[in-house]
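Here the structure is laid out as structure tokens; the discussion comes afterwards.
All chains are named by letter (A, B, ...) in the order of the sequence lines, taking the proteins before the strands, and each is independently numbered beginning at 1. Quick note: numbers below take in every heavy atom, side chains included, and nothing from hydrogens, waters or symmetry partners.
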Protein chains: 2
Amino acid sequence: MLTSPALRSAAMTRSLHDDVAGRLEAAGQRYTSSRRQLVAQLGDLERPHAIAELLELDGSQPQSSLYRNMAVLEEVGVVRRLQGADDVARFELAEDVTGHHHHHLVCTSCGTIDDVEVSPAVEDALHEAVSSARRERGFRTDVHRMELLGTCARCHD
Amino acid sequence: MLTSPALRSAAMTRSLHDDVAGRLEAAGQRYTSSRRQLVAQLGDLERPHAIAELLELDGSQPQSSLYRNMAVLEEVGVVRRLQGADDVARFELAEDVTGHHHHHLVCTSCGTIDDVEVSPAVEDALHEAVSSARRERGFRTDVHRMELLGTCARCHD
DNA sequence: TTTACTGCAAAGGGTTTGCAACATG
DNA sequence: CATGTTGCAAACCCTTTGCAGTAAA
């Protein structure tokens, strides 16, 4: 079993913005229109995107503001930053706010990162590995992530 | 089950260098003393290291040569480049030449990446995910990697 | 009306590259 | 001796930051 993320409904979008607003307020930060717009944009996208890609999709906000807002949103746990195969960071809404646990398919040809869900059996195995790391190495895991590196369908045709 | 990589014996080191020499020759590249020294150094280290760290351990080779040799060795499949939690690349000998399949514990506090082996049950689960990705997404996986992100024992005391 | 945010441009930091000298097969 | 390699320094590119002006609570 392996599915794409579910699309967010209007109601989910509303609660998403409420959640984000609350997190920002708790940190003494403001939920400005540019940040709201950025969160909405990330919510519409079905996979992590780089700053340059976001700029291309919507150039209403300069690069530096995009970086700064992304840093703030990451700080309060709304956004997650990914380092893929290349050296550009890609961003997605954090699982804490989407409630959508997933992993990634990383294309080493074009750099694209796609979301992917895996079966409960695989998740169980990952949790076992997390427990072992803590027991045997004293390593405290925040998140586990599984990444499959290879070439996406778009690249190998 | 979860163990550290086995140390390489003198015999393994010999065959390692033969392997590397062959791969470089096949690519029309030379196995110079600086490259040999670099491979030996990576073979002695028990976890991936950044260029800056390698320079500190052995400054006999300038940064640019280190980067260039690392790129060549990566090209012929001797070295694997990892992008960890921070934005510095770390390098290790590729599994093809060590025969040592493993995953990584990534410390989000100090950036250190440690090798870790997981149980056959976990490996089986990972293979299942690889198969699903190919079947359902047309994603051709070169390598699967599992990374646990958190804080290492050194950092949380 | 205080504090955070924006936008521009400049600086940072890891990585790559041009070029002339060198070394290896 | 032809071709790959080295070393220095400059260039590159993604990302961050200083600062003056602006907007939000």
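- Between A:R35 and B:Y31, it is A:R35 whose nearest contact on DNA chain C lies nearer the 5' terminus.
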Subject >> Contact letters for nucleotides 16-22 of chain D, in which S counts primed atoms plus P, OP1 and OP2 and B counts the base, heavy atoms under 4.0 Å >> reply: BBB----
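- Here the side chain of A:E136 pairs no donor or acceptor atom with the backbone of A:A133 at under 3.5 angstrom.
- If you take CD of B:E75 and C1' of D:dT5, they are 16 Å apart, rounded to a whole angstrom.
- Taking the six-membered ring where the residue is Trp, A:H102 and A:H100 present parallel rings, their angle staying beneath 30° rather than reaching 60°.
- Nearest-nucleotide assignment on DNA chain C puts the 5′-proximal partner with A:S60, out of B:S33 and A:S60.
- Note on A:A50: nothing from the nucleic acid sits closer than 4.0 angstrom, heavy atoms only.
- Rounded to an integer number of Å, the gap from A:M70 CE to C:dT6 C1' is 16 Å.
- Here the P atom of nucleotide D:dT5 and the CD atom of B:Q37 are 16 Å apart, to the nearest Å.
- With B:L73 as the fixed residue, the side-chain contact (heavy atoms from CB on, under 4.5 Å) test singles out one of B:V97, B:V78, B:L42, B:L93: B:V78.
- A salt bridge does not link A:E92 to A:R90: none of the charged side-chain nitrogens sits closer than 4.0 Å to a carboxylate oxygen.
- By the 4.0 Å N-to-carboxylate-O rule, A:R23 lies too far from A:E25 to be salt-bridged with it.
- With distances taken from any side-chain atom of A:V88 to the nucleotides D:dT15, D:dT6, D:dG7, the minimum falls on D:dT15.
- Ion pairing of B:R154 with B:D114 is present here, as a side-chain N (NZ or NE/NH1/NH2) and a carboxylate O approach within less than 4.0 Å.
- Taking the centre of each ring, B:H103 and A:H144 stay at or above the 6.0 Å mark.
- When the P atom of D:dT15 is taken as reference, atom CD of A:Q83 falls 7 Å away, rounded to whole Å.
- A donor atom on one side chain and an acceptor atom on the other are found under 3.5 Å apart for B:E123 and B:H101.
- Regarding contacts with the backbone of C:dG7, a side-chain N or O of A:S65 is found under 4.0 angstrom from either OP1 or OP2.
- The phosphate of D:dA23 has neither OP1 nor OP2 within less than 4.0 Å of any side-chain N or O from A:R30.
- Checking B:G28 against B:D87, the closest nucleotide of DNA chain D that is more toward the 5' end is the one next to B:G28.
- A:E25 has its CD atom 14 Å from the C1' atom of C:dA4, to the nearest Å.
- Between the C1' atom of D:dT5 and the CG atom of B:L66 lies a distance of 14 Å, rounded to the nearest Å.
- Atom CZ of B:R36 is separated from atom P of C:dG25 by 11 Å (rounded to the nearest Å).
- End-to-end axis angle for the helix from C:dT1-D:dA25 to C:dG25-D:dC1, using five pairs per end and rounding to 10°, comes out at 30°.
- No donor-acceptor contact under 3.5 angstrom links the side chains of B:Q83 and A:D86, judged on distance only.
- The shortest side-chain heavy-atom distance between B:L55 and B:E53 does not fall under the 4.5 Å cut-off.
- At whole-Å resolution of the value, CG in B:N69 and C1' in C:dT17 are 15 Å apart.
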